[in-house]
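Scroll down for the structure; my scribbles are underneath it.
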Amino acid sequence: MKGTLRYLAGMAGPSGFGSNSTAEQVTEDSSCFLPSSLTALITGASSGIGAETARVLAKRGVRVVIGARDLKKAMEVKKNIQKESPKAEVVLLEIDLSSFGSVQRFCSEFLALELPLNILINNAGIFSQNLEFSEDKIETTFATNYLGHFLLTEILLEKMIETAEKTGIEGRIINVSSVIHSWVKKDGFGFNDILSGKKYNGTRAYAESKLANILHAKEIAKQLKARNARVTINAVHPGIVKTGIIRAHKGLLTDSLFFIASKLLKTTSQGAATTCYVALSSKTEGISGKYFADCNESKCSSLANDEMEAQKLWNNTHALLHKRLRQATI
């Protein structure tokens with residue numbers, strides 16, 4: 001109850017920021033201490049909070065690589081960024097996160113640029129009311145929101161570790177999750193059932209993918225710590241934001257309920273704030289395996305905190321990808 005009141009009132013937490021804080025506000029002082037030539041890779045930055053995250057990071061002097069399925073829309077984002085920040089360096093690369101092959105091609109193209117990689121923001125996300133399958137014959141929401149980002153992180157992780165070692169600058173990975181992850185119960189979180197879309201429900205599928213994003217962050221944080229790698233990974237809840245995903249949910253609500261709910265939604269700039277804060281703030285230095293909401297460390301569900309569940313999911317995902325990618329090369 002206290003958390004809800006704090007959110008509605010926009011009260012600041014320990015970080016000095018709260019639900020009403022914008023991405024620009026939370027990064028206002030970052031330019032003073034940010035190292036030069038930081039490179040951030042952001043998926044799904046052709047619209048919504050991804051585009052706002054890219055804009056604000058570029059405004060703070062960060063080189064931005066946008067991974068997008070729609071390069072035409074991404075080009076518009078790039079033009080707007082460079083109109084506001086003429087010196088901004090923005091690189092566009094095509095990626096379809098639902099496709100393992102596309103993720104591999106994207107990583108090859110990015111690595112060929114020989115750029116450093118300081119920040120990886122796994123932001124892209126979809127919501128589908130109807131059961132659909134990716135080209136790899138996996139339920140599309142899970143394939144896009146979780147599996148594609150898992151593979152992307154897996155391929156680029158060594159580059160991040162190498163960049164951190166060479167520059168002495170901590171690498172940061174951010175998985176964009178959602179508070180809706182807490183709707184998932186342990187007995188309903190079956191890996192194979194999710195892949196096959198068994199008894200599909202769009203909201204549940206979205207929640208499962210967002211739970212997986214947090215569990216992924218928990219497990220990778222543990223692995224990075226064991227390696228003494230100077231790279232952190234955290235999950236963030238951007239808030240309920242006025243984006244295309246919310247519009248996709250509108251059919252589930254009456255017009256009057258949607259009108260009331262919309263008054264509690266964050267703006268796009270407020271929605272991008274937590275991602276930008278975790279990516280650039282000196283206060284998040286060394287923090288890893290945590291969950292942030294409203295620019296403050298927050299509590300996630302007990303299932304999202306389950307280390308055994310995180311390891312089990314990682315093992316299942318790693319085995320799936322190993323099998324599918326090996327088959328693709330035969």
Side-chain angles (χ1 to χ4, degrees), residues 3 6-45 47-66 77-91 116-123 167-177 232-243 265-288 290-298:
R6 185 179 289 112
Y7 171 83
L8 293 173
M11 293 170 59
S15 68
F17 303 108
S19 61
N20 287 345
S21 300
T22 66
E24 286 201 24
Q25 289 170 344
V26 304
T27 59
E28 203 166 11
D29 298 330
S30 61
S31 301
C32 304
F33 62 83
L34 275 183
S36 58
S37 302
L38 284 182
T39 299
L41 194 165
I42 311 170
T43 66
S47 63
I49 62 173
E52 177 67 2
T53 300
R55 182 188 74 81
V56 173
L57 263 57
K59 188 172 184 175
R60 302 309 178 207
V62 179
R63 178 193 292 117
V64 173
V65 179
I66 293 176
V77 172
K78 178 178 179 176
K79 286 179 182 176
N80 290 335
I81 288 173
Q82 293 182 325
K83 186 177 180 181
E84 180 184 10
S85 306
K87 293 182 180 179
E89 187 175 348
V90 183
V91 179
L117 183 55
N118 307 96
I119 302 165
L120 172 60
I121 300 176
N122 292 320
N123 166 80
T167 62
I169 301 167
E170 177 183 271
R172 298 185 182 185
I173 304 169
I174 294 109
N175 285 355
V176 177
S177 181
T232 63
I233 178 168
N234 293 287
V236 303
H237 166 50
I240 311 301
V241 186
K242 298 172 186 175
T243 66
L265 302 183
K266 286 187 175 186
T267 64
T268 303
S269 189
Q270 290 169 340
T274 304
T275 299
C276 290
Y277 173 77
V278 176
L280 297 185
S281 177
S282 59
K283 294 178 182 177
T284 58
E285 178 89 23
I287 297 174
S288 194
K290 303 299 182 182
Y291 173 73
F292 286 79
D294 299 329
C295 301
N296 289 276
E297 195 175 322
S298 187

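Excluded from the calculations below are hydrogen atoms, water molecules and symmetry mates; all remaining heavy atoms, backbone and side chain alike, are included.
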Could you tell me which non-hydrogen atom of [X] sits nearest to which non-hydrogen atom of [Y], and how far apart they are?
X    : Y    : answer
P116 : S37  : CG-O, 4.3 Å
I287 : E297 : CG2-OE1, 4.4 Å
A40  : L57  : CB-CD2, 3.7 Å

Any donor-acceptor N/O pair, [X] side chain to [Y] backbone, under 3.5 Å:
X    : Y    : answer
E170 : T232 : no
N123 : G44  : yes
N234 : N175 : no
R172 : I233 : no

K266 vs P238 side-chain heavy atoms within contact, under 4.5 Å: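 The answer is no; the side chains never approach within 4.5 Å.
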
Non-hydrogen side-chain atoms of V91 and I66 separated by less than 4.5 Å: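 Not in contact.
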
Check side-chain contact (heavy atoms from CB on, under 4.5 Å) between [X] and all other residues, then give those that pass, not counting sequence neighbours.
X    : result
S269 : T22, A23, E52, T267
T167 : N118, T163, I169
A58  : V64, I81, A88
A273 : V26, C295

Atom pair [atom1]/[atom2] of [X] and [Y] - distance to nearest 0.5 Å:
X    : Y    : atom1 : atom2 : answer
S21  : Q270 : OG    : CD    : 8.0 Å
S281 : F17  : OG    : CZ    : 7.0 Å
I174 : T274 : CD1   : OG1   : 11.0 Å
Y277 : T284 : OH    : OG1   : 6.0 Å
T43  : L120 : OG1   : CG    : 7.5 Å
L280 : I119 : CG    : CD1   : 5.0 Å

Working for salt bridge (Lys or Arg N to Asp or Glu O under 4.0 Å), residues K59 and E28: CA-CA 10 Å; K59 188 172 184 175; E28 203 166 11; over 6 Å; no

Salt-bridge criterion met for R55 and E24 (N-O under 4.0 Å):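 Here R55 pairs with E24 in a salt bridge, since their nearest N and O are under 4.0 Å apart.
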
Ion pair check, E285 and K283, cut-off under 4.0 Å: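 Judged by the 4.0 Å cut-off on N to carboxylate O distance, E285 and K283 do not form a salt bridge.
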
N296 and S15: side chain donor to acceptor below 3.5 Å: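 Yes, a side-chain donor-acceptor pair sits under 3.5 Å.
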
Donor-acceptor pair between R60 and T27 side chains, under 3.5 angstrom: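 Yes, because at least one side-chain N or O of R60 sits under 3.5 Å from a partner of the opposite role on T27.
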
Derivation and outcome, side-chain contact (heavy atoms from CB on, under 4.5 Å), residues V65 and T39: CA-CA 7 Å; V65 179; T39 299; 4.1 Å; yes

Candidate pair V236 and K290, rule side-chain contact (heavy atoms from CB on, under 4.5 Å), full reasoning: CA-CA 8 Å; V236 303; K290 303 299 182 182; over 6 Å; no

Side chain to side chain donor-acceptor pair (under 3.5 Å) partners for S288, two or more places apart: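 Partners of S288 by the side chain to side chain donor-acceptor pair (under 3.5 Å) criterion come out as none, since no residue qualifies.
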
Those residues that, when tested against F292, pass ring-ring contact (aromatic ring centres under 6.0 Å, His included) (two or more places apart):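 Per chain and number, F292 pairs via ring-ring contact (aromatic ring centres under 6.0 Å, His included) with no residue.
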
Audit row: I121, T275, side-chain contact (heavy atoms from CB on, under 4.5 Å) steps and yes/no: CA-CA 8 Å; I121 300 176; T275 299; 3.6 Å; yes

Derivation of the side-chain contact (heavy atoms from CB on, under 4.5 Å) call for H237 and S298: CA-CA 9 Å; H237 166 50; S298 187; over 6 Å; no

